[in-house]
*Asks:* 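Below are the structure tokens for one structure; questions will follow.
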Amino acid sequence: MPGAVEAAGAGAAGSTDVGRLVAPTRTFLATSAVAVAPRLLNLLLVSGSRVGRIVEVEAYRGTEDPASHAFGGPTPRNATMFGPAGHLYVYFTYGMHWCANVVCGPPGVAEAVLVRALAPVAGLEEMWEARAAARRERDLCSGPAKLCQALGIDRAYDGLDLLSPSSPVRLLDDGTPPPRRPSVGPRIGISRAVEARWRWWVTNSASVSVGGR
DNA sequence: CTTTGGATCGTCT
DNA sequence: GACGATCCAAAGG
């Protein structure tokens, strides 16, 4: 863990000053997912010694959003989404993949931000071991299920508090600001509410899930 | 580079 | 019983 923090700093090559690592505030996350999502870009997702920088996200607006798992109300599966902000919502999909979300909004409001891609920062060897199918470094975490595989995130981590120092998975800020003007477009892989442009990504990041851009 | 289809099973109707 | 907030290998340009 101390290794991960140090590596995270060292991995931020290119940035001239690396701030110390701090978690975003719960108050910040307790607002709307659409407002929070683009501001999660460039934060770090840390799992043990494995660290990735968030480069692509999507917002899901709970019970009001036909594409959200929370549309239609609470179920055992989406329970975490209805809880407090800053917790990790992990779901299973396509019979074989796990995906990770940062819960947003006040308790009772099921908003969330799906983390779609990370740029690998530290713990690359472990990521390569966890992702035998990956051929290039940029494919290690270039998709919502790929990043869960790379960081070892599965059902066991559903509901954990990303802001707690004792959590196995944490959300941290190393001082790198979000892009002033991120790229924006429609969400991927959904069949309803396809018109909403609630996907944001770091322009030109090689680790973004599709096309790049 | 792009397109296509198979894998695989929890969840909710 | 149908459908995924996906990934990958294979095949074609």
Side-chain angles (χ1 to χ4, degrees), chain A residues 29 32-38 40-41 45 52 54-83 85 87-105 109-120 127-159 162 169 171 182-202 204 206-213:
Chain A
L29 296 174
S32 82
V34 170
V36 170
L40 295 185
L41 293 174
L45 195 60
I54 298 175
V55 296
E56 184 184 2
V57 293
E58 280 178 359
Y60 286 86
R61 297 195 53 202
T63 54
E64 315 230 326
D65 178 2
S68 171
H69 290 161
F71 186 70
T75 66
R77 177 204 204 189
N78 64 27
T80 300
M81 294 182 83
F82 286 86
H87 286 246
L88 185 70
Y89 167 51
V90 180
Y91 68 88
F92 184 68
T93 192
Y94 290 106
M96 65 193 94
H97 297 304
W98 300 98
C99 296
N101 296 249
V102 177
V103 173
C104 296
V109 174
E111 303 221 358
V113 175
L114 171 67
V115 182
R116 285 198 59 91
L118 307 173
M127 292 187 191
W128 280 111
E129 284 176 28
R131 292 216 4 92
R135 310 222 170 185
R136 303 171 298 181
E137 183 175 317
R138 63 188 201 239
D139 293 326
L140 244 22
C141 305
S142 59
K146 293 179 189 175
L147 90 251
C148 283
Q149 224 174 294
L151 298 198
I153 295 171
D154 64 16
R155 173 142 202 110
Y157 289 159
D158 180 46
L162 291 165
V169 182
L171 186 62
S183 296
V184 190
R187 295 175 292 183
I188 292 174
I190 55 172
S191 57
R192 295 182 294 183
V194 296
E195 68 288 347
R197 296 175 30 112
W198 289 340
R199 170 174 167 258
W200 293 266
W201 65 96
V202 176
N204 293 328
S207 298
V208 165
S209 68
V210 298
R213 254 304 156 64

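Just so we're on the same page: letters track the sequence lines, and every chain starts at 1. Because only heavy atoms are used, hydrogens play no part in the values below, and waters and symmetry mates are left out as well, while side chains stay in.
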*Asks:* Go ahead and name the base partner of B/dT8; Watson-Crick or wobble counts if both distances stay under 3.5 Å, otherwise write none.
*Replies:*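 Base partner found: none.
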*Asks:* Looking only at non-hydrogen atoms, find the nearest pair between A/Thr80 and A/Val103 and report the distance.
*Replies:*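 Scanning both residues completely, I find the closest heavy atoms to be O-CG2, 3.6 Å.
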*Asks:* What's A/Ala133 touching, base or sugar-phosphate or nothing? Going by heavy atoms closer than 4.0 Å.
*Replies:*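 A/Ala133: backbone/sugar contact only, no base atoms under 4.0 Å.
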*Asks:* For residues A/Val57 and A/Val102, determine if any side-chain heavy atom of one lies less than 4.5 Å from a side-chain heavy atom of the other.
*Replies:*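 With C-beta onward as the side chain, the pair stays apart.
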*Asks:* Output the rounded distance in Å from OH (A/Tyr94) to C1' (B/dC12).
*Replies:*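 Atom OH in A/Tyr94 sits about 16 Å away from atom C1' in B/dC12.
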*Asks:* In whole Å, what is the span from the CH2 atom of A/Trp98 to the C1' atom of B/dC9?
*Replies:*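 Spelled out: CH2 on A/Trp98 to C1' on B/dC9 is 10 Å.
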*Asks:* What's the closest nucleotide to the A/Tyr91 side chain, out of C/dT6, C/dA5, B/dT8?
*Replies:*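 Selected nucleotide: C/dA5.
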*Asks:* Figure out the CZ/C1' separation between A/Phe71 and B/dT11, and round it to whole Å.
*Replies:*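 Going from A/Phe71 (CZ) to B/dT11 (C1'), I get 17 Å.
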*Asks:* Which nucleotide, in any strand shown, forms a Watson-Crick or G-U wobble pair with C/dA5, with both distances under 3.5 Å?
*Replies:*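 Its partner: none found.
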*Asks:* Mind checking A/Arg192 for me? I need base, sugar-phosphate or nothing, with any heavy atom below 4.0 Å counting as a touch.
*Replies:*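 Nothing, no heavy atom under 4.0 Å.
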*Asks:* Classify A/Leu114 by what it touches in the nucleic acid, base, sugar-phosphate, or nothing, heavy-atom distance under 4.0 Å.
*Replies:*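 Touches a base.
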*Asks:* Quick check for you: among B/dC12, C/dA5, C/dC8, whose closest atom lies nearest to any side-chain atom of A/Lys146?
*Replies:*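 The listed nucleotide nearest to A/Lys146's side chain is C/dC8.
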*Asks:* Under 4.0 Å: is that the gap between some side-chain N or O of A/Ser191 and OP1 or OP2 of C/dG4?
*Replies:*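 For A/Ser191, the contact criterion (side-chain N or O under 4.0 Å from OP1 or OP2 of C/dG4) is met.
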*Asks:* Would you indicate, yes or no, if B/dG10 has its OP1 or OP2 atom less than 4.0 angstrom from a side-chain nitrogen or oxygen of A/Arg155?
*Replies:*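 So the side chain of A/Arg155 is outside the cut-off, no N or O lying under 4.0 Å from OP1 or OP2 of B/dG10.
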*Asks:* Working to the nearest 0.5 angstrom, can you tell me the gap between A/Arg61 CZ and A/Cys104 SG?
*Replies:*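 Rounded to the nearest 0.5 Å, the CZ-SG separation comes to 12.0 Å.
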*Asks:* Expressed as a whole number of angstroms, how long is the span from A/Asp65:CG to C/dA5:P?
*Replies:*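 That distance rounds to 11 Å.
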*Asks:* Below 4.0 angstrom from OP1 or OP2 of C/dC7, is there any side-chain N or O of A/His97?
*Replies:*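 No.
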*Asks:* Check the phosphate of C/dC7 against A/Arg135, side-chain N and O only, distance under 4.0 Å to OP1 or OP2. Yes or no?
*Replies:*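 False: A/Arg135 side-chain N/O out of range (4.0 Å or more) of C/dC7 OP1/OP2.
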*Asks:* With centres under 5.5 Å and planes under 30°, do A/Tyr60 and C/dA5 count as stacked?
*Replies:*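 Stack criterion met.
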*Asks:* Can you tell me how far C1' of C/dT6 sits from NE2 of A/His69, to the nearest Å?
*Replies:*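 The answer, rounded to whole Å, is 11 Å.
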*Asks:* Counting the atoms with a prime plus P, OP1 and OP2 as sugar-phosphate, which does A/Phe92 contact under 4.0 Å by heavy atoms, base, sugar-phosphate, or nothing?
*Replies:*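 Result for A/Phe92 = sugar-phosphate.
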*Asks:* Please confirm whether the shortest side-chain N or O distance from A/Arg131 to OP1 or OP2 of C/dC8 is below 4.0 Å.
*Replies:*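 Looking at the OP1 and OP2 atoms of C/dC8, one of them is under 4.0 Å from a side-chain N or O of A/Arg131.
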*Asks:* Check A/Arg138 against A/Ser142 and note the closest heavy-atom contact, atom names and distance.
*Replies:*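 The answer is O-CB, 3.2 Å.
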*Asks:* Looking at C/dT6, I'd like to know if its phosphate oxygens (OP1 or OP2) sit under 4.0 Å from a side-chain N or O belonging to A/Thr93.
*Replies:*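 Answer is no, no contact under 4.0 Å.
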*Asks:* Under the criterion salt bridge (Lys or Arg N to Asp or Glu O under 4.0 Å), I'd like the reasoning laid out for A/Arg116 against A/Glu58: C-alpha separation, chi angles, the key distance, then a yes or no.
*Replies:* CA-CA 7 Å; A/Arg116 285 198 59 91; A/Glu58 280 178 359; 3.7 Å; yes
*Asks:* Quick one: label A/Arg187 by what it contacts on the DNA or RNA (base, sugar-phosphate, nothing), any heavy atom closer than 4.0 Å.
*Replies:*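 Result for A/Arg187 = nothing.
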*Asks:* Just so I know, are the side chains of A/Ile153 and A/Val90 near enough to count as touching, which here means a heavy-atom distance under 4.5 Å?
*Replies:*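 Answer yes - side chains close enough.
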*Asks:* Whole angstrom is fine here: how far is it from CE in A/Met81 over to P in C/dA5?
*Replies:*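 Roughly 11 Å, once rounded to whole Å.
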